[in-house]
Amino acid sequence: MISENDFVPLLQHTARAGVYHLPQGSVDAIAGAARQLDFKALRVDLSACIEKADFLRRVADTLCFPDWFGHNW
């Protein structure tokens with residue numbers, strides 16, 4: 001089982017920044033590692049999200065984008 005301590009070293013080094021495929025069930029461990037490092041971590045609910053417009057709306061809502069956000073890439 002993956003623990004938050006497995007992710008702390010990864011999150012501490014900006015040189016390792018990137019996009020990663022994570023093991024199933026690791027979301028809570030990453031959130032815990034972020035809390036340990038006093039990082040803010042947010043979850044975007046993408047269940048049943050199939051269109052780009054819905055994806056951008058959900059991200060904008062969760063991350064509190066300003067009203068003038070253009071809902072584009």
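Just so we're clear, the structure is a prediction, and the values are computed from it rather than from any experiment.
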Less than 4.0 Å between a side-chain N and a carboxylate O, is that true for D54 and R57?
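Looking at R57 and D54, the cut-off is met.
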Give a yes or no on whether a salt bridge exists between R43 and D28, defined as a side-chain N under 4.0 angstrom from a carboxylate O.
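A salt bridge links R43 with D28.
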Atom CG of L63: over 12 foreign heavy atoms under 6.0 Å:
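For L63, atom CG is crowded (more than 12 foreign heavy atoms under 6.0 Å).
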Flag if over 12 foreign heavy atoms under 6.0 Å of CH2, W68:
no
Which atom of [X] lies closest to which atom of [Y], heavy atoms considered:
X	Y	result
N5	Q36	OD1-NE2, 3.1 Å
H71	A60	CE1-CB, 4.1 Å
I2	P23	CD1-CG, 3.4 Å
V59	F65	CG1-CZ, 4.2 Å
L11	I30	CD1-O, 4.2 Å

Within one Ile-Leu-Val-Met-Phe-Trp-Tyr cluster: L42 and V27, side-chain cutoff 4.5 Å:
no
Shared hydrophobic cluster for F7 and F39 (ILVMFWY, side-chain gaps under 4.5 Å):
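In one cluster: no.
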When you look at F55 and I50, which way does the side-chain contact (heavy atoms from CB on, under 4.5 Å) test go after all the steps?
CA-CA 7 Å; F55 168 79; I50 57 173; over 6 Å; no
For the side chain of D6 and the backbone of S3, is there at least one donor-acceptor N/O pair under 3.5 Å apart?
yes
Whether S26 side chain and L22 backbone form a donor-acceptor pair below 3.5 Å:
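No, S26 side chain to L22 backbone: no donor-acceptor pair under 3.5 Å.
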Enter the distance from Y20:OH to L10:CG here, rounded to the nearest 0.5 Å.
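Spacing of OH (Y20) from CG (L10) equals 5.0 Å.
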Partners passing side-chain hydrogen bond (donor to acceptor under 3.5 Å, both in side chains) against T14 (at least two apart in sequence or in another chain):
none
My understanding is that only residues two or more places apart in sequence, or in another chain, count here; which of them pass side-chain hydrogen bond (donor to acceptor under 3.5 Å, both in side chains) with D45?
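By the side-chain hydrogen bond (donor to acceptor under 3.5 Å, both in side chains) rule, D45 matches S47.
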